[in-house]
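To start, the structure under review is shown below, and the notes come after it.
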Amino acid sequence: MDLVAMMLYTALVDDAGLFPPTSLHMDEALARNRRDLERGNPVLTHRFLCPASRIDRLRAKDYRPRRIGLIVDTPELPPFDDLPVDIVEMPLPDGETVEALAQRLRLPDGVRLFAEVPPRRIGMDVPDGAGLKVRCGGLTADAFPAAEQLGMFIRSCVERDVPFKATAGLHHAVRHFDPSLGVDRHGFLNLLLAVCEAAEGRDPAPVLRSTDVGHLVRLAHAVSEETAKRARRLLVSYGSCNTSTPAEDLQALGLIEEYS
């Protein structure tokens, strides 16, 4: 990969194999994570996303992922000092600020909080060391935010210099229609380029809406080093239940070289 491609695509994809629609068994998910780590594909973060409700099951296994993202789906945050957790993700409770949540959790040094909010929640104050999380899809059509909503969220994060993570629905690089749900799925390349557009002062919504593969590839090749660096500082990573498709899509588009 050239320098800009390395900046844009390295460590982009978290391993969400435990989550729908893949919903792997813990043993299967860990085995895949281990294979991915051995292969060392640079597109992957090798961060294993694990629900807090299943952390004891993970703890009981012989293999430990190199990095763990803890997805809080329990009333209380479980202890995790014995595990290589570097990110904690949880929904922002109604009526609570991100700063108040961070103070309440008091995460150890080196562990970052990402508070999940609806894309319509913009203009939020986020303390240093924390970020936001946005859901780009789900199991029903109404779980997919409109390009304008997602674009406003991205623009707000860029303007306020707030890092964020994305999750759900980003199954392929380019926006496409899903006939099973009757909805357009956001593409992860669209999302990344939308952050680049916002970083350069342009409206990100048109790029989010685009299904023109050639146009998106040309935009990707035109990203400057400075923009790529800022975009990836803001878009930390996104969770994918499939860890092979993202790299395969980028290779098929000619944006990264084939990796073996």
Evaluation steps, side-chain contact (heavy atoms from CB on, under 4.5 Å), between C196 and L8: CA-CA 10 Å; C196 293; L8 284 174; 4.0 Å; yes

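- Side chain of R230 to main chain of V158: a donor-acceptor pair is present (N/O by atom type, distance under 3.5 Å, no hydrogens or angles).
- In this structure a side-chain-to-backbone donor-acceptor pair under 3.5 Å is missing from T22 to L24.
- A pairwise comparison of heavy atoms in A166 and L191 identifies CB-CD2, 3.7 Å as the closest pair.
- Considering every non-hydrogen atom in both L58 and R64, the closest pair reads O-NE, 4.3 Å.
- In summary, the side chains of S180 and D178 do present a donor paired with an acceptor at a separation below 3.5 Å, with no hydrogens or angles considered.
- Considering V126, L234, I122, D125 in turn, D125 is the only one that fulfils the side chain to side chain contact (heavy atoms under 4.5 Å, CB included) rule with R160.
- Residues L49 and L18 share a hydrophobic cluster, clusters being chains of Ile/Leu/Val/Met/Phe/Trp/Tyr side chains in contact below 4.5 Å.
- T45 pairs in a side-chain hydrogen bond (donor to acceptor under 3.5 Å, both in side chains) with only one of the listed residues (D14, D36, D15), which is D14.
- Checked by atom type and distance alone, the side chain of T10 pairs as donor or acceptor with a backbone atom of M6 at under 3.5 Å.
- The number of heavy atoms from other shown groups lying within 6.0 Å of CZ (R57) does not exceed 12.
- Between the side chain of T167 and the main chain of G239, no donor-acceptor pair closer than 3.5 Å is present.
- Within 6.0 Å of CG on L3 lie more than 12 heavy atoms contributed by other residues, nucleotides or ligands.
- The environment of CD in E148 is crowded: more than 12 heavy-atom neighbours from other residues, nucleotides or ligands sit within 6.0 Å.
- The local environment of CE in M7 is crowded, with over 12 non-hydrogen atoms from other residues, nucleotides or ligands closer than 6.0 Å.
- Applying the 6.0 Å contact sphere to CZ of R104 captures more than 12 heavy atoms from other residues, nucleotides or ligands.
- Although no hydrogens or angles enter the test, the distance criterion places a donor-acceptor pair under 3.5 Å between the side chain of D249 and the main chain of A173.
- With contacts defined as side-chain heavy-atom distances shorter than 4.5 Å, the pair F80/L107 qualifies.
- The backbone N or O of V236 sits nowhere less than 3.5 Å from a side-chain atom of R233 that would complete a donor-acceptor pair.
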Intermediate values then yes/no, side chain to side chain donor-acceptor pair (under 3.5 Å), D142 and T140: CA-CA 6 Å; D142 60 3; T140 58; 2.5 Å; yes

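- When all heavy atoms of G137 and P145 are compared, the closest pair comes out as N-CD, 4.2 Å.
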Full working for side-chain contact (heavy atoms from CB on, under 4.5 Å) between L189 and H172: CA-CA 8 Å; L189 179 62; H172 286 284; over 6 Å; no

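- Surrounding CZ of R34 are at most 12 heavy atoms belonging to other residues, nucleotides or ligands under 6.0 Å away.
- With D86 as reference, R47 is the one residue of R112, R66, R47 to meet the salt bridge (Lys or Arg N to Asp or Glu O under 4.0 Å) rule.
- Looking at heavy atoms from C-beta onward, R121 lies out of side-chain contact with L132 at the 4.5 angstrom threshold.
- By the 30° and 60° cut-offs, the orientation of the rings of F153 relative to F164 is perpendicular.
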Step-by-step side-chain contact (heavy atoms from CB on, under 4.5 Å) determination, Y238 to V13: CA-CA 5 Å; Y238 79 92; V13 183; 3.7 Å; yes

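- Taking a 6.0 Å sphere around CD of E96, one finds it holds more than 12 heavy atoms contributed by other residues, nucleotides or ligands.
- Considering only heavy atoms from C-beta on, P246 stays 4.5 Å or farther from L12 through its side chain.
- Rounding to the nearest 0.5 Å gives a distance of 11.5 Å between OG1 of T243 and CG of L37.
- Side-chain contact between L250 and F188 is present, with heavy atoms from C-beta onward closer than 4.5 Å.
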Derivation of the salt bridge (Lys or Arg N to Asp or Glu O under 4.0 Å) call for K165 and E116: CA-CA 9 Å; K165 294 181 84 272; E116 181 178 335; over 6 Å; no

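- Under the side-chain hydrogen bond (donor to acceptor under 3.5 Å, both in side chains) test applied with H186, the options R175, H171, R209 reduce to a single match, R175.
- With rounding to the nearest 0.5 angstrom, the CZ atom of F114 is 10.5 Å from the CD1 atom of I71.
- Two residues are said to be in side-chain contact when any heavy atoms from C-beta on lie closer than 4.5 Å; P20 and C241 fail this criterion.
- For the pair M26/C50, a side-chain contact is recorded, criterion being any heavy-atom separation below 4.5 Å from C-beta on.
- The local environment of CD in E38 is crowded, with over 12 non-hydrogen atoms from other residues, nucleotides or ligands closer than 6.0 Å.
- Here the shortest heavy-atom pairing between L139 and L181 reads O-CD2, 3.4 Å.
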Working for side-chain contact (heavy atoms from CB on, under 4.5 Å), residues M90 and L105: CA-CA 11 Å; M90 68 177 294; L105 294 179; 3.7 Å; yes

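- Contact check for H176 versus T211: no side-chain heavy atoms found under the 4.5 Å cut-off.
- No side-chain heavy atom of L170 sits under 4.5 Å from any side-chain heavy atom of S240.
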